[in-house]
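Can you read through this structure? Questions will come right after.
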Amino acid sequence: MELSEIAEGVEQVSQRYAERFNIERDATWFVLKLQEEVGELTQSYLMLSGRARTKGKSPEEIQAEFNAEVADVFCQILLLARASGIDLEKEVSDKWLSRLKS
């Protein structure tokens, strides 16, 4: 699946979420939602690395939660880029992948 296809699907899910909970997805919301998800990822990583209480979750549940939080952060980045008019594929290619040529 192409990144653009993933971004389009994520956009549709986010729109449904916003409609369901009457959320205005403006520039501030996209940034703050990303921050929220990074916080959840951090909490999950602390549990995974043994630096936070596990809340009775098994190692498998903690790993699954961490995996899901990485996906949430990724999806919020896609949404932020899309809302900001950023061609993420181009920016990654220019900033990161161009270094493969040297």
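As the structure is a computational prediction, the values presented were derived from the model and not from experiment.
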message: Let me confirm one number: the OH-CG distance from Tyr17 to Asn22, rounded to the nearest 0.5 Å.
response: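 Taking OH in Tyr17 and CG in Asn22, the distance rounds to 12.0 Å.
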
message: Rounded at 0.5 Å granularity, tell me how far CG in Leu78 sits from CD in Glu11.
response: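 It is 10.5 Å, given to the nearest 0.5 Å.
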
query: Would you say Ser49's side chain and Tyr45's backbone share a donor-acceptor pair under 3.5 angstrom?
result: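 Such a contact is found between Ser49 side chain and Tyr45 backbone.
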
task: Report the distance from atom CG of Leu32 to atom CD of Gln76, rounding to the nearest 0.5 Å.
output: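 Answer for the CG-CD pair, Leu32 versus Gln76, is 10.5 Å.
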
query: Once you round to the nearest 0.5 Å, how far does OG1 of Thr42 lie from CZ of Phe66?
result: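 One gets 9.0 Å once the value is rounded to the nearest 0.5 Å.
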
- request: Check whether more than 12 heavy atoms from other residues, nucleotides or ligands sit under 6.0 Å from atom CD of Glu5, and answer yes or no.
  value: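 Yes, CD of Glu5 has more than 12 neighbouring heavy atoms, counting only those of other groups under 6.0 Å.
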
query: Rounded to the nearest 0.5 Å, what separation is found between the CD1 atom of Ile6 and the CD atom of Glu8?
result: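 Taking CD1 in Ile6 and CD in Glu8, the distance rounds to 12.0 Å.
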
- prompt: In a check of side chain to side chain donor-acceptor pair (under 3.5 Å) between Asn67 and each of Gln63, Glu65, Glu69, which one passes?
  reply: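 Considering Gln63, Glu65, Glu69, a side chain to side chain donor-acceptor pair (under 3.5 Å) with Asn67 is found only for Gln63.
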
- prompt: Quick one: are Leu79 and Arg25 in side-chain contact, heavy atoms under 4.5 Å?
  reply: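 A side-chain contact exists here, since the closest heavy-atom pair is under 4.5 Å.
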
query: Does Val31 share a hydrophobic cluster with Ile23, counting links as ILVMFWY side-chain heavy atoms below 4.5 Å and allowing steps through other members?
result: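 Yes, same cluster.
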
Ile62 side, atom CD1; Lys55 side, atom NZ - distance, nearest 0.5 Å: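 NZ of Lys55 is found 10.0 Å from CD1 of Ile62.
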
Check: Glu40 main-chain N/O paired with Ser44 side-chain donor or acceptor under 3.5 Å: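 No; zero donor-acceptor contacts below 3.5 Å.
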
